[in-house]
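Can you keep this structure in mind? I'll have questions shortly.
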Amino acid sequence: MIVRRSEENPILKPLREHSWEAEAAFNGCPVKKGKETYLLYRALSHSHYHTSARTEMMVSDIGIAKSVDGVHFADRKRFIVPEYSWERFGCEDPRVTKLGDTYYVFYTALGAYPFRAEGIKVGVALSKDLRTVSEKHLVTPFNAKGMAMFPEKIGGKIWTLLTLHTDMPPAHICLASFDNESDLWSRPHWEAWYKTYKSHVLPLVRRPEDHVEVGAPPVKTKDGWLVIYSYIRNYFSPVKQFGIEAVLLDLENPLKVVARTDMPILVPEEYYERIGLVPNIVFPTGALIEKGWVKLYYGAADMTCCLALIELDSLLRSMTQKERGVATLMRAKENPILVPVAGHAWETKATFNPGAIHAGGKFHIVYRAMSDDNTSVFGYASSMDGVHVDERLPEPIYVPRDAFEQKLVPGGNSGCEDPRLTLVGDRIYMLYAAYDGQHPPRVAITSIKEADFLNKEWNWAPSALISPPDISDKDAFVFPERVLGKWMIVHRIGDSIDFAFLKSLDFKGEEWIEEHRWIAPRKGSWDSKKVGTATPPVKTADGWVMLYHGISDDGTYRVGAVLLDLADPTRVIGRLDAPLFEPVMPYEVNGQVSRVVFPCGAVLSGKTLLVYYGGGDSVVGVATIPIAKLLTALKFCTC
């Protein structure tokens with residue numbers, strides 16, 4: 001889907017000259033009044049002595065501001081302040097909805113200090129004009145937060161969302177319906193509802209380690225009620241992962257989930273989301289639909305109000321037509337096509353992570369092989385059809401030649417790892433990871449004439465290190481064509497995919513490639529921990545198709561794909577939401593490293609893409625997909 005943060009972010013910040021909002025102004029919820037947009041937000045005061053708490057503390061009020069464009073807000077005022085015992089320690093996180101001629105502002109009311117679950121409940125303020133509050137009520141007699149009203153009656157009833165048990169987890173996002181306005185704050189009504197609350201829960205929590213909270217009030221779309229909510233992974237760990245997700249509810253029966261996102265729409269990335277009173281938070285609190293875009297208002301780091309724009313159609317498609325964005329590699333039934341050979345000392349332990357090209361009417365596979373003493377070299381095999389191996393050489397075609405890839409730790413890993421091949425003109429360039437077992441692995445480059453390669457005359461050019469010393473750098477290849485007049489090297493330092501531009505491919509070991517961070521992991525997704533390039537790209541009329549590997553939080557290696565612009569491949573125009581390939585078979589799930597599929601080569605043969613990969617860091621497999629199917633999925637998953 002297409003998501004863009006506003007260039008004006010943060011759109012609302014604390015005002016030091018207003019003591020009541022001097023520390024923070026965040027979690028804003030918008031509502032339209034005529035041509036103007038009003039934003040109700042949580043305002044946090046300077047620390048001051050509170051007579052009821054008998055200590056110094058910061059107190060939350062609810063502020064209000066207005067705007068003609070929904071971005072630039074002015075005329076900031078206090079709107080809702082603590083008045084009653086059930087809210088005397090603060091009014092937080094408003095959600096406002098207009099139903100009929102009344103604005104209903106639900107908020108978190110803090111009635112106990114020190115703060116505890118039984119004193120954290122929902123309150124509501126009613127207003128006819130957004131200038132004055134006509135009445136206030138305590139809504140829930142139990143712990144709850146984040147209540148929000150649907151903007152119209154459904155089946156003749158008033159409907160709301162709320163988060164139950166936010167402070168005595170597990171929390172649940174629930175629905176409640178009412179015949180009359182007064183039922184909203186009727187204790188008998190809520191006591192009856194609470195007895196059967198489990199029947200009102202939306203099934204949104206994927207894992208018991210996670211936490212959900214209501215975000216924005218529902219907005220109506222052609223496909224259902226769009227509810228944008230907070231999904232927090234690993235909520236009970238020291239490292240929580242805040243994300244924003246969405247669910248579609250049936251227009252006539254909101255208890256029915258129509259569709260939902262499978263990964264976050266937004267995670268903390270910008271400085272104003274990572275730095276604040278509570279770092280690394282994005283928290284959705286309001287949404288409007290205007291001109292085909294969802295204007296999502298959210299709190300950042302519990303400090304400021306921010307705005308993101310989400311293309312509505314792409315969001316709805318990503319939820320309701322997921323299958324269009326899914327593509328899957330199909331394993332060859334002959335897998336694994338290469339396994340270790342007990343009689344070959346140089347490849348007796350493992351054969352994996354193969355590069356591949358098609359030349360001279362054959363598929364050529366250059367694979368990493370390991371001996372029992374953990375030295376890596378490159379072996380060679382070929383195939384006429386890309387699946388059945390017709391030839392496999394008994395000796396390696398490339399071995400460690402230079403000091404930077406010689407073993408320095410007896411028995412430790414060393415050598416030449418993970419080759420990636422690119423045919424440029426009449427030469428084949430091979431980039432690989434050079435490792436001596438003591439220093440961080442670095443990217444090395446060599447090349448060979450195509451004619452020599454086809455004749456199995458292994459006249460490799462002298463190898464050279466091209467990545468900087470003392471920095472781990474791997475997963476590299478050279479782009480098949482010049483990009484904007486220069487050669488593009490794709491590689492990985494750290495947890496992201498990087499690129500560098502070079503005038504020449506003639507390296508003498510005297511200069512290093514740059515690190516321009518490019519494609520990053522996606523928190524909360526299957527590629528959340530680390531990403532690295534898998535295969536050199538293949539060229540299509542729609543763009544360059546490049547595969548990459550992604551590592552999840554649990555250490556599983558999967559394969560994804562991106563679509564790159566033909567003229568400027570640094571511009572990513574599509575990225576699959578779901579993995580293209582993941583470890584399933586025993587030879588992928590078990591091995592030197594468990595749960596690994598790791599491609600290093602891909603060949604486009606006619607209408608089919610053949611992908612060569614290592615399984616479990618032990619064997620070689622091949623998998624295929626019609627390129628048209630992959631392109632359809634990539635174009636569906638626009639960036």
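These values consider heavy atoms only, across backbone and side chains, with no hydrogens, waters or symmetry-generated copies.
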Spacing of OG belonging to Ser177 relative to NE2 belonging to His200, to within rounding of 0.5 Å: 7.5 Å
Salt-bridge contact Glu21-Arg76 (side-chain N to carboxylate O under 4.0 Å):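 Result for this pair is yes, salt bridge flagged.
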Donor-acceptor under 3.5 Å (Thr163 side chain, Val214 main chain): yes
Heavy-atom donor-acceptor pair, Trp193 side chain to Pro188 backbone, under 3.5 Å: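 No, the answer is negative, given that no donor and acceptor are paired below the 3.5 Å cut-off.
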Thr221 and Asp223: side chain donor to acceptor below 3.5 Å: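 Side-chain D/A pair, Thr221 to Asp223: absent.
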Minimum heavy-atom distance between Tyr235 and Lys240, given as atom pair plus value: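 Heavy atoms of Tyr235 and Lys240 come nearest at O-CE, 2.9 Å.
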Between Glu213 and His211, a side-chain donor and acceptor under 3.5 Å: yes
Arg558 and Tyr548: side chain donor to acceptor below 3.5 Å: no
Minimum heavy-atom distance between Thr37 and Phe73, given as atom pair plus value: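 Looking at all heavy atoms of both residues, the closest pair is O-CE2, 3.5 Å.
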Test item: side-chain donor near acceptor, Glu273 and Tyr298, under 3.5 Å: yes
Heavy-atom donor-acceptor pair, Ser318 side chain to Leu315 backbone, under 3.5 Å: yes
Minimum-distance pair of heavy atoms, taken over all atoms of Trp225 and Pro218: CE3-CB, 4.2 Å
Side-chain heavy atoms of Leu309 within contact of Lys295, under 4.5 Å: yes
Main-chain N/O of Gly28 paired with Thr285 side-chain donor or acceptor, under 3.5 Å: yes
Expected output: side-chain Lys523 to main-chain Phe242 donor-acceptor under 3.5 Å: no
Beyond-backbone contact of Ser127 with Thr102, side-chain heavy atoms, under 4.5 angstrom: no
Atom of Asn9, atom of Arg5 and distance for their closest heavy-atom approach: ND2-CB, 3.9 Å
Interatomic distance, Ile281 atom CD1 to Asp302 atom CG [nearest 0.5 angstrom]: 4.0 Å
Leu249 side chain near Phe150 side chain, heavy-atom distance below 4.5 Å: yes
Option from Leu164, Leu184, Leu162 for which side-chain contact (heavy atoms from CB on, under 4.5 Å) with Thr140 holds: Leu162
Minimum side-chain heavy-atom gap Val545-Leu563 below 4.5 Å: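 A side-chain contact under 4.5 Å exists here.
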salt_bridge(Lys128, Asp101) N-O dist < 4.0 Å: yes
Ionic contact status for Glu83 with Lys136, cut-off 4.0 Å: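 Salt bridge: yes.
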Heavy-atom pair with the smallest gap, counting every atom of Trp190 and Asp183: NE1-O, 4.0 Å
Side-chain ion pair, Asp553 and Lys529, N-O less than 4.0 Å: no
Residue pair Glu56 / His48, side-chain donor-acceptor N/O under 3.5 Å: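 Short answer, no.
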Thr556 and Asp554: side chain donor to acceptor below 3.5 Å: yes
Electrostatic pair Arg575-Asp527, nearest N-O below 4.0 angstrom: yes
Polar contact flag, side-chain donor to acceptor under 3.5 angstrom, Asp210-Tyr231: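 Side chains of Asp210 and Tyr231: pair found under 3.5 Å.
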Glu87 side chain vs Tyr84 backbone, donor-acceptor pair below 3.5 Å: yes
Backbone N/O of Ile120 and side chain of Asn143: donor-acceptor pair under 3.5 Å: yes
Tyr104 and Trp185 aromatic centres sub-6.0 Å: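 No, they do not, as the ring centres are separated by 6.0 Å or more.
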Sidechain-backbone polar pair: Ser525 side chain, Arg522 backbone, donor-acceptor under 3.5 Å: no
Charged N-O contact under 4.0 Å between Glu36 and Lys32: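 Judged by the 4.0 Å cut-off on N to carboxylate O distance, Glu36 and Lys32 do not form a salt bridge.
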Donor on one side chain, acceptor on other, Glu245 and Thr261, under 3.5 Å: yes
Closest heavy-atom pair and its distance - Leu307, Gly70: CD2-O, 4.2 Å
